[in-house]
Amino acid sequence: MKTLDIIVPVYNEEACLNQTMQRLLELRTKFKGKLNLNYIFINDGSNDKSEEILEEYAKKDKNIKIINFSRNFGHQAAITAGLDYSKADYSAIIDADLQDPPELIYDMYEKSLEGYDIVYGKRLKRKNETAFKKLSAWGFYRILKSMCNIEIPTDTGDFRFITKDVREAFNKMREKHRFIRAMVPWTGFRSAPVYFNRPERIAGETKYPLSKMLKLAFDGIFSFSFKPIDFIFGLSALLFLAAIVILGLGIFDEMEEEYIICFALTLTCSVNLLAMGILGQYIARIYDEAKDRPIYIVKKSINF
Ligand code: UDP
Ligand code: MG
């Protein structure tokens, strides 16, 4: 029988793990006679009881596998490790807080049988998330889509089901700043959505504070688009034109010299800093690639 690995990144999820495990294990009944299930939990340097809870389950069930990181490497690194360790015919990625309904993995599997190598969960509504989170996510996915040349589905996180072919192609991509929800479509395999309303997390707090959200958003933009560089060119052309117009119209003739100097200095400084900042984002990424450090470090793996 074919196999499916369910990959679950975990960071300080002690409040969710028992319930999540229950729902995930119930999937075996749903898949009975169709796919054999294995579970790969990546403990991303949790400092609560996540590690102990997971190890208890792994002791009783050899199909529950654990990768313990040496520290917190981040959600994207955790998923990467799960996919690196996955050897099944299919792999599915799901959050540990039950915001991605596990039962949907079965629908994804059925959809894949229609000839799709990637089936992703597309969010219709998000329940009980802050207006800021909803609006920023809505805006971000659309800005990113407009900036990239590849088809990145909007309102889609990392909750997805992929075939071994996609996984093997994906695993060859070893970039350090990872934005998996765009890297998977980049592989170019046939994909389709499965729609769902996103429930609220069952317990605990989000592990994505604003700083992590921004980092992920920047990785999405700067790893997948050169549009920010085009923007610098556009801006410099615009300023050049503005300077000529101002000169021609003699706008500054009536103004005091100090104001003009002050205005010109502030404007050029801010534009220069913006341009340097944008270039810096790319250079920092080149620097990280050149160092070629591992994406994550495994402290201990269980049941592999
Ligand atoms: N996560 C992780 N490492 C991190 C942050 C999050 O492995 O540094 C996991 C987390 O345990 C969860 C998933 O990534 O399984 C998504 O995180 P969360 O639910 O907090 O994000 P949100 O749904 O609020 O965007
Ligand atoms: Mg969540």
Side-chain angles (χ1 to χ4, degrees), residues 5-24 39-54 57 64-85 91-102 104-105 120-141 144 154-160 176-181 196-220 295-299 301:
D5 284 338
I6 298 184
I7 293 162
V8 195
V10 173
Y11 180 52
N12 291 343
E13 300 286 11
E14 62 180 8
C16 297
L17 277 178
N18 287 318
Q19 219 176 313
T20 301
M21 191 68 85
Q22 224 56 49
R23 289 266 293 278
L24 286 174
Y39 302 88
I40 303 179
F41 288 86
I42 307 91
N43 173 29
D44 183 16
S46 301
N47 39 40
D48 65 354
K49 294 225 159 46
S50 298
E51 184 171 342
E52 287 94 311
I53 298 173
L54 288 172
Y57 280 105
I64 297 176
K65 299 160 191 266
I66 302 173
I67 301 166
N68 276 311
F69 279 180
S70 59
R71 65 166 168 86
N72 179 244
F73 281 90
H75 179 212
Q76 303 290 290
I79 295 174
T80 302
L83 291 170
D84 285 341
Y85 277 67
S91 311
I93 304 161
I94 188 166
D95 283 357
D97 59 356
L98 291 181
Q99 282 201 283
D100 302 330
L104 221 69
I105 296 179
Y120 53 88
K122 194 168 164 85
R123 302 159 183 175
L124 292 170
K125 284 200 187 117
R126 291 162 165 255
K127 211 176 158 203
N128 271 12
E129 282 189 295
T130 61
F132 173 74
K133 180 128 187 174
K134 282 184 197 168
L135 189 73
S136 56
W138 185 89
F140 171 69
Y141 284 123
L144 186 67
T154 49
D155 309 319
T156 302
D158 293 315
F159 182 31
R160 60 189 67 219
K176 315 293 169 199
H177 291 264
R178 305 175 77 76
F179 189 64
I180 293 174
R181 59 202 70 174
F196 73 111
N197 288 321
R198 194 161 211 239
E200 53 189 316
R201 114 186 317 274
I202 47 160
E205 303 260 291
T206 176
K207 306 301 171 317
Y208 258 99
L210 186 63
S211 56
K212 274 191 182 171
M213 260 165 67
L214 282 176
K215 187 185 167 297
L216 185 69
F218 271 42
D219 281 341
I295 297 164
Y296 56 84
I297 293 171
V298 176
K299 181 176 73 177
S301 64

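Atoms within a ligand are numbered from 1 in the order they appear, just like the ligands themselves.
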Atoms in ligand 1 with a heavy atom of [X] nearer than 4.0 Å:
{"X": "Pro9", "answer": "7 (O), 9 (C), 10 (C), 11 (O), 12 (C), 15 (O)"}
{"X": "Lys207", "answer": "5 (C), 6 (C), 18 (P), 20 (O)"}
{"X": "Glu13", "answer": "10 (C), 11 (O), 12 (C), 15 (O)"}
{"X": "Val10", "answer": "7 (O), 11 (O)"}
{"X": "Arg201", "answer": "18 (P), 19 (O), 20 (O)"}
{"X": "Lys212", "answer": "4 (C), 5 (C), 8 (O)"}

Thr206 backbone or side-chain N/O/S under 2.8 Å from the Mg ion (ligand 2): no
Using 30° and 60° as the class limits, which term best fits the ring planes of Phe140 and Phe179: parallel, tilted or perpendicular? perpendicular
Taking the six-membered ring for Trp and the full ring for Phe, Tyr or His, determine whether the centres of Tyr57 and Tyr39 are under 6.0 Å apart. no
May I ask you to check if ligand 1 and Ala96 share an N or O to N or O distance below 3.5 Å? yes
Looking only at distances, can you tell me whether any N or O atom of Gly74, backbone or side chain, sits closer than 3.5 Å to an N or O atom of ligand 1? no
Looking at Asp97, the N/O/S atom that lies nearest to the Mg ion (ligand 2) is called OD2
More than 12 heavy atoms of other groups within 6.0 Å of [X] [atom1]:
{"X": "Lys49", "atom1": "NZ", "value": "no"}
{"X": "Lys134", "atom1": "NZ", "value": "yes"}
{"X": "Gln19", "atom1": "CD", "value": "no"}

Shortest protein contact, [atom] (heavy atom only):
{"atom": "atom 24 (O) of ligand 1", "answer": "Thr206 OG1, 2.5 Å"}
{"atom": "atom 13 (C) of ligand 1", "answer": "Asp95 OD1, 3.5 Å"}
{"atom": "atom 2 (C) of ligand 1", "answer": "Tyr11 CB, 3.4 Å"}

Run the contact test for Gln76 against ligand 1 with a 4.0 Å cut-off on heavy atoms, strictly below, and give the result. no
